[in-house]
Amino acid sequence: MTQVRVDNAVTPAPGPDRKSVVDRMFDLRARGTTVGREVRGGLTTFVAMAYIVLLNPLILGASADITGAKLSAAQVTTATALAAAVMTVLMGLVGNAPLALAAGLGINGIVAFQMAPAMTWAQAFGLVVLEGVCIVLMAVSGVRERIMNAIPGPLKTAITVGIGLYIALVGLVSAGFVTRTPDSADSTVPVRLGVDGHLDGWPIAVFCFGLLLMTVLMSRKVPGAVLISIAVATALSVLLHDGFGVGNWGLTTPTLPSTVVAAPDFGLLGHVDLFGGFASAGALTATTFLFTLVLSGFFDAMGTITSVSAEAGLAKDGRVPRMGRILLVDGAGAIAGGVSGSSPNTVFLESAAGVGEGARSGLASVVTGLLFAATLVFTPIAGIVPAQAAAPALVVIGGMMVAQCRNIPWHDSDYTIPVFLTVALIPFTYSITNGVGAGLIAYVLVKTCRGKWREAGWILTVLALVFTVYFGINVVKAIF
């Protein structure tokens, strides 16, 4: 080996800067991250979204198909964990992005309460597979990426801000800090603080404590602030429930399980009928279901991918590296959701919690996916963390995403109303798709009325027409 003499001492000459296999695979150094940060980020994302393993069976199990058959909770739980594990690991390895996938909330409601009553479960999952095939074809052909690149920067930023408000609202609602006002003649507001306009109960106190602790730790730049806060709030929740009998925790009860292992049930795997739904529900109805699934899956994922990637600092000139691969995996997630019987899988907003903890690469997704795989046999452990302990992460990260407002050109009249509609309708309608659609329609309309229709471009013009049909789908169905 070559040697260099310095002050009568012999030292090795500097060798090449070698990267570890993990660093080369996930490009950690170039993204300014470490293995430790990625593991923390992946664990935080899992903790923030582990509720889906318990919630998805409740949603899908609450409805019966056209024959009156209901899904087994054990089978849906296994399907949910399996699909999330496989697709999240694939996102990490193929897309190298800190994005986790699981059964999409909202979309699973469409499958359960709109599609299943009109066809069998196998036929409903068949339409889900067809949705995924459509999205994959758009990703492979480059159409999906062209659409994402055609959306102007201010509207992309508006999507990020709207999603920030959305996930903050999801966190506040899931914790019980904000609740829906019961429908009645004297109701003057749609939501309210607590149950009756006031905060009450230990579960809310745990949420407030976790939120304050997370805020303080993050302001002091403590490594692992999000994860530490969730862990401390969970421990406090278990103490209150098991030690003092405190109840009213909602979906997840924070109690130490009597067993840590539960056998998975793969009964729904491959239970698919691709085209039977067109015969059972009718061609027009089934096509409408498919159209709704594709549009929701397409734009929900687009908004989440764009906003979370921007928050992670991965977007360059408004474009995300490996976007083609990311979109391909996301489309494959819908196929996996149909084949497994868990409903369409898509990128989860809770991925932002891991990004807030430092996740910048696909290694975090691999960690999250492996933890989902573990829940196939360790489901009882995944059910310990209550919403009141995990929700503060959504509120804090949502606030960080809203800070992107500073990059919106509010003074430009071409964007003012389109941006506002995008930001407002995402949280107000609990739908990313609705916000994106309203913003695009308004943008194209403004440009056209000002004689600048060429600036909108044909892609956005076609999308505006598609969303017009989407919003008026009931009128279209009535006509035809």
May I ask you to decide if [Y]'s main-chain N or O and [X]'s side chain share a donor-acceptor pair within less than 3.5 Å?
| X | Y | result |
| --- | --- | --- |
| Arg360 | Val355 | yes |
| Ser431 | Asn434 | yes |
| Thr179 | Gly176 | no |
| Thr306 | Gly303 | no |
| Gln388 | Trp249 | yes |
| Thr416 | Trp410 | yes |

Next on the checklist: Could you tell me if Ser342 and Ser340 have a donor-acceptor pair between their side chains, going purely by distance under 3.5 Å?
Outcome noted: yes

Would you mind reporting whether [Y] and [X] have side-chain heavy atoms less than 4.5 Å apart?
| X | Y | value |
| --- | --- | --- |
| Asn108 | Phe113 | no |
| Val216 | Leu213 | no |
| Val170 | Leu349 | no |
| Ser63 | Pro117 | yes |
| Val347 | Val308 | no |
| Leu28 | Thr34 | no |
| Phe348 | Leu99 | no |
| Met400 | Met218 | yes |

[X] [atom1] to [Y] [atom2] distance, which is reported to the nearest 0.5 Å:
| X | Y | atom1 | atom2 | answer |
| --- | --- | --- | --- | --- |
| Leu290 | Phe278 | CG | CZ | 5.5 Å |
| Ser174 | Leu172 | OG | CG | 8.0 Å |
| Ile335 | Phe125 | CD1 | CZ | 15.5 Å |
| Asp27 | Leu363 | CG | CG | 12.0 Å |
| Arg40 | Thr44 | CZ | OG1 | 8.0 Å |

Checklist entry - Does the side chain to side chain contact (heavy atoms under 4.5 Å, CB included) test come out yes or no for Val94 and Leu328, once each step is laid out? => result CA-CA 9 Å; Val94 177; Leu328 180 62; 5.8 Å; no

Next on the checklist: Tell me whether the count of non-hydrogen atoms from other residues, nucleotides or ligands lying under 6.0 Å of OH in Tyr430 goes above 12.
Outcome noted: yes

Next on the checklist: Taking CZ in Phe291 as the centre, count heavy atoms belonging to other residues, nucleotides or ligands within less than 6.0 Å. Is the count above 12?
Outcome noted: yes

Checklist entry - Under the side-chain hydrogen bond (donor to acceptor under 3.5 Å, both in side chains) criterion, do Glu350 and Thr45 qualify, and how do the steps go? => result CA-CA 6 Å; Glu350 283 80 356; Thr45 295; over 6 Å; no

Next on the checklist: Using the rule given for side-chain hydrogen bond (donor to acceptor under 3.5 Å, both in side chains), can you reason through Ser413 versus Arg450, listing the C-alpha separation, both sets of side-chain angles and the distance that settles it, and then say yes or no?
Outcome noted: CA-CA 10 Å; Ser413 59; Arg450 297 192 65 187; 3.1 Å; yes

Checklist entry - side-chain hydrogen bond (donor to acceptor under 3.5 Å, both in side chains): which pairs involve residues 73-91, sequence neighbours left out? => result Asn56-Thr80

Checklist entry - Restricting to pairs with a member in residues 327-336, which pass side-chain hydrogen bond (donor to acceptor under 3.5 Å, both in side chains), not counting sequence neighbours? => result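 Residue pairs passing side-chain hydrogen bond (donor to acceptor under 3.5 Å, both in side chains), neighbours aside: Arg144-Asp330, Asp330-Thr346.
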
Item to check | CA sep, side-chain torsions, deciding dist, call: Gln404, Thr157, side-chain hydrogen bond (donor to acceptor under 3.5 Å, both in side chains) | outcome: CA-CA 7 Å; Gln404 294 293 325; Thr157 303; 5.6 Å; no

Next on the checklist: side chain to side chain contact (heavy atoms under 4.5 Å, CB included), that's the test. Do Tyr166 and Ile159 meet it? Break it down for me.
Outcome noted: CA-CA 10 Å; Tyr166 179 26; Ile159 294 171; over 6 Å; no

Item to check | Option passing side-chain contact (heavy atoms from CB on, under 4.5 Å) with Pro344 (candidates Ile110, Ile107, Leu127) | outcome: Ile107

